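A quick write-up on the structure given underneath.
Predicted model, so just to flag it, every value in this text is computed and none were measured. Residues take their numbers from the sequence shown, with the count starting at 1.
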Amino acid sequence: MAKIRLFIDHPLVAGQAVPLDAGQSHYLSGVMRLRQGDAVAVFNGRDGEWQASLQEAGKRGGSLMVVAQTAPQQDPPDLWLIFAPIKKARTDFIVEKAAEMGAARILPVQTDHTNSDRIRQDRLQAHAIEAAEQCGGTFVPPVADLVPLSRLLDGWDPARRILWADESRAGPAQTLAGLPAGPWAILIGPEGGFSAGERARLSRLPFVTPVSLGPRILRADTAAVAALALWQAALGDWR
């Protein structure tokens, strides 16, 4: 059985050759030292996991031959993560853990206290792909480009409820028992929290539910993991 998993943005069908770009080819042959005929597990985020064999690998690219499906497609619950980017390594951590923990979409937002006014969307998407490759998932959450929180809320569909990790509610941890099923998003604020104006607007929105994540104020990256775990255990696919 294949021990290496690789995301391939290509349809997967038994008996079909799929191309490798130069980076993937180098990873398989130069880093992992695979040889022609060695097995690789592949997925594209749509067609489940498949076993493939390495056909060729060179400096400019290579190819795999798709053999057979080994696992069906497993999509996550309809849960989005909205967060304000922080320091580079910790932003990478948030994206990686969101992909591992079953977020269906990742939306970075700029708030009044956000430290960064730009992100490398392509780099964050690559981190989401790597996380899916390593955790055994068959789905890769898309990572959106950075947008202002105010603009995101202006166009928000109220049918998707927002679980707001509100640091001002630090105290006994809350359960989510009794909250309705359906599409949700988790909102994590920046270092320093939301501004007074942002807090006032969030408090007025009927589709926003504030929640405490426990007696201590968590760092943004820790809060993202805690909130995802809380939601998955109560309303998601950890039940």
Would you compute the distance between atom [atom1] of [X] and atom [atom2] of [Y] and round it to the nearest 0.5 angstrom?
X: I188; Y: T222; atom1: CD1; atom2: OG1; answer: 10.0 Å
X: S150; Y: E198; atom1: OG; atom2: CD; answer: 8.0 Å
X: H10; Y: I8; atom1: NE2; atom2: CD1; answer: 9.0 Å
X: Q51; Y: L12; atom1: CD; atom2: CG; answer: 13.0 Å
X: D122; Y: H127; atom1: CG; atom2: NE2; answer: 10.0 Å
X: I82; Y: L163; atom1: CD1; atom2: CG; answer: 10.5 Å

Going only through I, L, V, M, F, W and Y residues with side-chain contacts under 4.5 Å, is there a path from [X] to [Y]?
X: I186; Y: L107; value: no
X: V42; Y: I129; value: no
X: V211; Y: F194; value: no
X: L64; Y: V31; value: yes
X: L187; Y: L205; value: yes

Any side-chain heavy atom of [X] within less than 4.5 Å of one from [Y]?
X: P85; Y: P108; result: yes
X: I86; Y: I94; result: yes
X: Q125; Y: V140; result: yes
X: T209; Y: W164; result: no
X: L6; Y: L20; result: yes
X: D92; Y: R123; result: yes

Residues forming a salt bridge (Lys or Arg N to Asp or Glu O under 4.0 Å) with [X], sequence neighbours excluded:
X: E100; result: K97
X: R90; result: E191, D221
X: K87; result: none
X: D157; result: none

If every non-hydrogen atom of [X] is compared with every non-hydrogen atom of [Y], which pair is closest and at what distance?
X: D154; Y: R201; value: OD1-NH2, 2.7 Å
X: P77; Y: A104; value: O-CB, 3.4 Å
X: A159; Y: P183; value: O-CG, 3.7 Å
X: P190; Y: A84; value: CB-CB, 3.6 Å
X: P11; Y: N44; value: CA-ND2, 3.8 Å
X: I106; Y: A98; value: CD1-CB, 3.8 Å

V67/W50 under side chain to side chain contact (heavy atoms under 4.5 Å, CB included): CA gap, chis, key distance, verdict:
CA-CA 7 Å; V67 179; W50 293 70; over 6 Å; no
Could you note down all residue pairs passing side-chain hydrogen bond (donor to acceptor under 3.5 Å, both in side chains) where residues 17-27 supplies at least one of them, sequence neighbours left out?
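Output for this query is empty, none listed.
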Determine whether E133 and F43 satisfy the following criterion, side chain to side chain contact (heavy atoms under 4.5 Å, CB included), listing intermediate values before the conclusion.
CA-CA 8 Å; E133 289 173 341; F43 65 102; 3.9 Å; yes
Side chains of residues 141-149: which donor-acceptor partners sit under 3.5 Å, not counting sequence neighbours?
none

When you measure from the side chain of R160 to the backbone of D78, do you find a donor-acceptor pair of N or O atoms at a distance under 3.5 Å?
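Checked: pair present.
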Do the side chain of Q55 and the main chain of Q36 share a donor and acceptor less than 3.5 angstrom apart?
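Checked: no pair found.
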Atom CD of Q74 with >12 non-hydrogen neighbours under 6.0 angstrom
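Not buried by this count: 12 neighbours or fewer within 6.0 Å.
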Could you pull out all residues at least two apart from D9 that satisfy side chain to side chain donor-acceptor pair (under 3.5 Å)?
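If we apply the side chain to side chain donor-acceptor pair (under 3.5 Å) test to D9, skipping adjacent residues, there are no hits.
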Between R216 and E167, does a side chain to side chain contact (heavy atoms under 4.5 Å, CB included) hold up when you go through it step by step?
CA-CA 9 Å; R216 291 164 292 279; E167 71 278 3; over 6 Å; no
Do any pairs count as a salt bridge (charged side-chain N to carboxylate O under 4.0 Å, His left out) and have a residue in residues 49-77, sequence neighbours left out, and if so which ones?
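Sorted result for residues 49-77: R5-E49.
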Side-chain heavy atoms under 4.5 Å apart, restricted to Ile/Leu/Val/Met/Phe/Trp/Tyr: what other residues fall into the cluster of F139, or is it alone?
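Grouped by the 4.5 Å side-chain rule, F139 forms a cluster of one, so the answer is none.
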Going through the checks in order, is the salt bridge (Lys or Arg N to Asp or Glu O under 4.0 Å) test met by D166 and R199?
CA-CA 9 Å; D166 183 359; R199 295 184 57 81; 2.8 Å; yes
Hey, can you tell me if W80 and W156 have their rings parallel, tilted or perpendicular (30° and 60° cut-offs)?
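Ring orientation of W80 relative to W156: perpendicular.
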Check side chain to side chain contact (heavy atoms under 4.5 Å, CB included) between P180 and all other residues, then give those that pass, not counting sequence neighbours.
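Expected list: R161, W184.
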Just to verify, what does F83 make a ring pair (Phe, Tyr, Trp, His ring centres under 6.0 Å) with, not counting sequence neighbours?
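Result, ring pair (Phe, Tyr, Trp, His ring centres under 6.0 Å) vs F83: none returned.
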Side-chain donor-acceptor pairs of residues 223-239 under 3.5 Å, sequence neighbours excluded:
from : atom 1 : to   : atom 2 : distance (Å)
Q232 : OE1    : D237 : N      : 3.0
Q232 : NE2    : M101 : O      : 2.7
Q232 : NE2    : D237 : OD1    : 3.4
R239 : NE     : G236 : O      : 2.9
R239 : NH2    : L235 : O      : 3.2

Assess whether side chain to side chain contact (heavy atoms under 4.5 Å, CB included) is satisfied between T138 and R46, documenting all intermediate values.
CA-CA 7 Å; T138 55; R46 304 179 299 274; over 6 Å; no
